[in-house]
Student: 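Take a look at this one; I'll ask things after.
Computed from a predicted model, the values in this text were never measured in an experiment.
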Amino acid sequence: MGLDRKGAIDFEHAISSEQGVRASHRPDQRQREVRGFENLMLGTHSRCSVSHGQTTLRTGLTLEKLALTADPAAMRRLAHLNGLRAFEAAARQASFALAAEELAVTPAAVSLQIKRLEDYLGVRLFERLPRRVELTDAGHAMLPLLKEGFDLLAEALARAGSSGARRTLVVSLTPSVAAKWLMPRLERFTALHPEIEIRLDTTTRLVDFAREQVDLALRYGAGRWPGMTVTPLMSEDVFPVCSPKLRVGRRALRHPSDLAHCTLIHDASMPKASAFPQWSAWLEAAGVTGVDSRRGLHLNASMLAIQAAIEGQGVALGRSVLVADDLSSGRLVRPFARRTLLRFGYYIVHPVRSAQPKAVAAFSAWLMQEAGRGAGAPDERRRGRQSADAGS
């Protein structure tokens, strides 16, 4: 996202030039408002480009044409779009300097534009402290609605840019869920919906749907993400898994106490808030003593822990959703029957107002169908609740 060089020059000129301030009542006011609208769009959504000084949507509809056909009175009421954009960035970053970096202008330009906005509103939006800025009550009151407005503008551009026959659906999920569950199944979706292209954005953090242009996420947690449409997808339990070769030989795994002779593989990717059981909790529940639960191989990704178990490097606590295919293929086995049901599960999450409602609906329906093919189908009666959510 962000501005190209032309957009940066236009924006900074509009907000830092004293001549620009004095000229706000001249006949070319409409042109200035159009430029502010163009700069706003450039920073709000990446599906814009600048060509010969004119901002153009992928559909060929220029923002200049869009602005000129709008109600002139409405455009006059939006004369402070640059100031609103500067305010939103500074409020989100809690810094004029960081806002300036994001907008590709100088901190002085951001400060001036916010001051002009404050003068227009007749209230202070920021407290200027020696080394930081803080929102005033008026700033706090304005910020949520302004963010919603920017998100709606981004959605409008996304819908215009995705109006062609082929659409790209951006899906956010963790690398382990992508590799161990989604990728082996994704070909079935593309066969059903060749008109929808899928782009996977793999990350362990919660994404900002509007700012990162993500359409849908598979999240692991308790199912509480305010302001989102949340659909239960799969529950999950955990149990020891290992390579079949650890079940044979003189030191074959036959009883949980035999873990004293094996390397314990630890999945360090799961935060404590997820209630994911560690080896100490599993051993205690199994009534096993004399096993040092802290020793072994510690890995920061679930798929690495699973792969280490497949390679025979030890015994891992496998998550049922992620090890299902490896168990079916025989790459992994369950040496013991005991399993622990996790309080968290997998959810389909997307904004209430989607930029691609048909594609999101199609992919969500397909995910539910795939989840129903095997263990892990959602069962709210069995799943407990936690107060915090894990990453997406």
Student: CH2 of Trp282 to CZ of Phe336: how many Å apart, nearest 0.5 Å?
Tutor: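 These two atoms lie 5.5 Å from each other.
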
Student: How about CD on Glu101, more than 12 heavy atoms from neighbouring residues, nucleotides or ligands closer than 6.0 Å, or not?
Tutor: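 Result for CD/Glu101: open.
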
Student: Quick check: are there more than 12 heavy atoms from other residues, nucleotides or ligands sitting under 6.0 Å from CG of Asp119?
Tutor: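 Yes, because the 6.0 Å sphere around CG of Asp119 holds more than 12 heavy atoms from other groups.
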
Student: Under the side chain to side chain contact (heavy atoms under 4.5 Å, CB included) rule, what do Thr168 and Gln356 come out as? Steps first, then yes or no, please.
Tutor: CA-CA 9 Å; Thr168 298; Gln356 303 192 76; 5.6 Å; no

Student: Inspect the contact between Glu195 and Lys358 and indicate whether a charged nitrogen and a carboxylate oxygen are less than 4.0 angstrom apart.
Tutor: no

Student: Counting only heavy atoms not in Arg295, do more than 12 sit closer than 6.0 Å to its CZ atom?
Tutor: yes

Student: Return the CG to CH2 distance between Leu367 and Trp181, rounded to the nearest 0.5 Å.
Tutor: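 Result: 5.5 Å between the selected atoms.
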
Student: Any heavy-atom pair between the side chains of Asp267 and Leu299 that's under 4.5 Å?
Tutor: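 When only atoms from C-beta onward are counted, Asp267 and Leu299 do not touch, as no gap falls below 4.5 Å.
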
Student: Could you tell me if Arg319 sits above the aromatic ring of Tyr220, with its cationic atom closer than 6.0 Å to the ring centre and no more than 45 degrees from the axis?
Tutor: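 Judged by the rule (NZ or CZ under 6.0 Å from the ring centre, within 45° of its axis), Arg319 counts as positioned above Tyr220.
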
Student: To the nearest 0.5 Å, what is the distance between CZ (Arg250) and NE2 (His261)?
Tutor: 9.5 Å

Student: Could you measure the distance from the CD atom of Glu370 to the CZ atom of Arg188? Nearest 0.5 Å is fine.
Tutor: 4.0 Å

Student: Does either side chain, that of Ser269 or that of Ser302, offer a donor lying less than 3.5 Å from an acceptor on the other one?
Tutor: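 Distance-only check passes for Ser269 and Ser302.
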
Student: With a sphere of 6.0 Å drawn around CG of Asp292, does it hold more than 12 non-hydrogen atoms of other residues, nucleotides or ligands?
Tutor: yes

Student: Does a side-chain heavy-atom distance below 4.5 Å link Leu233 with Met368?
Tutor: yes

Student: Examine Leu322 and Leu186 and state if one hydrophobic cluster contains both, with Ile, Leu, Val, Met, Phe, Trp and Tyr joined whenever side-chain heavy atoms are less than 4.5 Å apart.
Tutor: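 The answer is yes; both residues are in one hydrophobic cluster.
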
Student: So, the side chain of Asp258 versus the backbone of His255: is there a donor-acceptor pair under 3.5 Å, distance only?
Tutor: yes

Student: Assess the residue pair Arg128 and Ile114 against the criterion (side chain to side chain contact (heavy atoms under 4.5 Å, CB included)); give the C-alpha distance rounded to whole Å, side-chain angles, the decisive distance to 0.1 Å, and a yes or no.
Tutor: CA-CA 12 Å; Arg128 277 77 166 175; Ile114 292 175; 3.8 Å; yes

Student: Please check: side-chain N/O of Ser320 versus main-chain N/O of Val238, any donor-acceptor pairing under 3.5 Å?
Tutor: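 Looks like no, no N/O pair under 3.5 Å.
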
Student: So which atom in Ala286 and which in Arg338 form the shortest heavy-atom distance, rounded to 0.1 Å?
Tutor: CA-NE, 3.5 Å

Student: Can Glu127 and Arg132 be said to form a salt bridge (charged side-chain N to carboxylate O under 4.0 Å, His left out), step by step?
Tutor: CA-CA 9 Å; Glu127 294 287 355; Arg132 69 186 191 279; over 6 Å; no

Student: Considering only heavy atoms from C-beta outward, does the side chain of Val291 approach that of Trp279 to under 4.5 Å?
Tutor: no

Student: Among Val349, Asp215, Thr203, whose side chain to side chain contact (heavy atoms under 4.5 Å, CB included) with Ser172 holds?
Tutor: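 Only match with Ser172 under side chain to side chain contact (heavy atoms under 4.5 Å, CB included): Thr203.
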
Student: Does the side chain of Leu216 come within less than 4.5 Å of Pro351's, by heavy atoms?
Tutor: no

Student: Is there a side-chain contact between Arg247 and Val333 (heavy atoms, below 4.5 Å)?
Tutor: yes

Student: Could you tell me whether the side chain of Gln113 and the main chain of Phe87 form a donor-acceptor pair under 3.5 Å?
Tutor: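 No; zero donor-acceptor contacts below 3.5 Å.
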
Student: Under a single-linkage definition using a 4.5 Å side-chain heavy-atom cutoff for Ile, Leu, Val, Met, Phe, Trp and Tyr, are Phe239 and Met303 assigned to the same hydrophobic cluster?
Tutor: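 Phe239 does not cluster with Met303.
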
Student: Report the distance from atom OG of Ser364 to atom CG of Leu218, rounding to the nearest 0.5 Å.
Tutor: 8.5 Å

Student: Is there a side-chain contact between Thr136 and Phe126, using heavy atoms and a 4.5 Å cut-off?
Tutor: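 They are not in contact (no side-chain heavy atoms under 4.5 Å apart), so the answer is no.
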
Student: Can a side-chain donor-acceptor contact be found between Thr340 and Asp237 if the only test is distance below 3.5 angstrom?
Tutor: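 Looking only at side-chain atoms, Thr340 and Asp237 do not form any donor-acceptor pair under 3.5 Å.
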
Student: For the CD atom of Glu311 and the CG atom of Leu304, what is their distance to the nearest 0.5 Å?
Tutor: 11.5 Å

Student: Looking only at non-hydrogen atoms, find the nearest pair between Leu297 and Ala308 and report the distance.
Tutor: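 What the structure gives for the nearest pair is CD2-CB, 4.1 Å.
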
Student: Are Ile306 and Leu327 connected in a single hydrophobic cluster, I mean Ile/Leu/Val/Met/Phe/Trp/Tyr linked by side-chain heavy atoms less than 4.5 Å apart?
Tutor: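 Yes, it is one cluster - the side chains of Leu327 and Ile306 are joined through contacts under 4.5 Å.
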
Student: Report the C-alpha distance between Arg331 and Asp325 in whole Å, list the side-chain angles of each, state the deciding distance to 0.1 Å, and finish with yes or no for salt bridge (charged side-chain N to carboxylate O under 4.0 Å, His left out).
Tutor: CA-CA 9 Å; Arg331 291 188 293 269; Asp325 291 347; over 6 Å; no

Student: Checking the side chain of Glu118 only, and the main-chain atoms of Leu125 only, is there a donor and an acceptor separated by less than 3.5 Å?
Tutor: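 Checked: pair present.
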
Student: Test side chain to side chain contact (heavy atoms under 4.5 Å, CB included) on Glu236 and Phe344 and set out the steps.
Tutor: CA-CA 7 Å; Glu236 187 170 58; Phe344 281 2; over 6 Å; no

Student: Could you pull out the closest heavy-atom pair between Leu253 and Cys242, with the gap in Å?
Tutor: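 Minimum heavy-atom contact is CD1-SG, 4.0 Å.
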
Student: Do Phe189 and Phe363 have ring centroids that are under 6.0 Å from one another?
Tutor: yes

Student: How close do Gly318 and Val323 get, counting heavy atoms only, and between which atoms?
Tutor: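 In terms of heavy atoms, the two residues are closest at CA-CG1, 3.9 Å.
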
Student: So, the side chain of Ser111 versus the backbone of Pro107: is there a donor-acceptor pair under 3.5 Å, distance only?
Tutor: no

Student: Is the charged tip of Arg219 near the ring of Tyr347: under 6.0 Å from the six-membered ring centre and within 45° of its axis?
Tutor: no

Student: Can you spot which of Leu246, Val315, Leu332 makes a side chain to side chain contact (heavy atoms under 4.5 Å, CB included) with Val241?
Tutor: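 Filter result, single survivor: Leu332.
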
Student: Under a 4.5 Å cut-off applied to non-hydrogen side-chain atoms, are Met142 and Leu121 in contact?
Tutor: yes

Student: Find out whether Ser354 and Phe209 are in side-chain contact, i.e. whether some heavy atom of one side chain is under 4.5 Å from a heavy atom of the other.
Tutor: no

Student: Let's go through Arg92 and Glu102 carefully: what are the C-alpha distance in whole Å and the side-chain angles of both, what is the deciding distance for side chain to side chain contact (heavy atoms under 4.5 Å, CB included) to 0.1 Å, and is it a yes or a no?
Tutor: CA-CA 11 Å; Arg92 178 165 33 83; Glu102 176 182 320; 2.8 Å; yes

Student: Tell me the closest heavy-atom pair linking Gly83 and Leu117, and the distance in Å.
Tutor: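 Distance-wise, the nearest heavy atoms are O-CD2, 3.6 Å.
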
Student: For Pro244 and Gly330, which heavy atoms make the closest approach, and how far apart are they?
Tutor: CG-O, 3.3 Å

Student: Report whether Phe96 and Leu84 are members of the same hydrophobic cluster (ILVMFWY, side-chain heavy atoms less than 4.5 Å apart, transitive linking).
Tutor: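 Yes.
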
Student: Do Val170 and Leu206 share a hydrophobic cluster, counting only Ile, Leu, Val, Met, Phe, Trp and Tyr and linking them when any side-chain heavy atoms are less than 4.5 Å apart?
Tutor: yes

Student: Using modelled atom types and a 3.5 Å cut-off, is there a donor and acceptor pairing between side-chain atoms of Thr190 and backbone atoms of Glu187?
Tutor: yes

